[in-house]
Amino acid sequence: MHRGIADRPAADLNETELRIYDALAAGARSVAELQHVLDLSAPNIRKALRELRGQGLVEQLGGRGRPTSYRRRPE
């Protein structure tokens, strides 16, 4: 089952985390892509992604010398 805007996670997410979570509904995105789409700073995006990853809502793809992107965790 895919979560839509109406059935977002009920966790204690702030506005930035919700915006990023919603933006990832379309598929995996890099921090730079999220910056462009959401007009947020990279540090704010990274902080929110850490929170979302910690809650098990988002996963990181790549990293350590490879292109890094983030996506919603499969349900």
query = Does some side-chain heavy atom of Ile20 sit less than 4.5 Å from a side-chain heavy atom of Leu38?
reply = yes
request  = Would you check if Asp22 and Arg72 make a side-chain contact, meaning some heavy-atom pair closer than 4.5 Å?
outcome  = yes
query = Take atom CG in Asp39; do more than 12 heavy atoms of anything else shown fall under 6.0 Å from it?
reply = no
key: Nearest atoms (heavy-atom pairs only) where Tyr70 meets Leu24   = O-CD2, 3.3 Å
remark   = The reported gap from CD1 in Ile45 to CG in Leu52 (rounded to nearest 0.5 angstrom) is 11.5 Å
request  = Considering non-hydrogen atoms only, spot the tightest contact between Arg29 and Leu34 and give its length.
outcome  = CD-CD2, 3.9 Å
remark   = Across all chains, not counting sequence neighbours, the side chain to side chain contact (heavy atoms under 4.5 Å, CB included) partners of Ser69 are Ala28, Leu61
task = For residues Leu49 and Val31, report the shortest heavy-atom separation together with the two atoms involved.
result = CD1-CG2, 4.0 Å
note = All heavy atoms of Pro74 vs all of Glu59, minimum pair found to be CD-OE2, 3.5 Å
query = What residues form a side chain to side chain contact (heavy atoms under 4.5 Å, CB included) with Glu51, not counting sequence neighbours?
reply = Glu17, Gln55
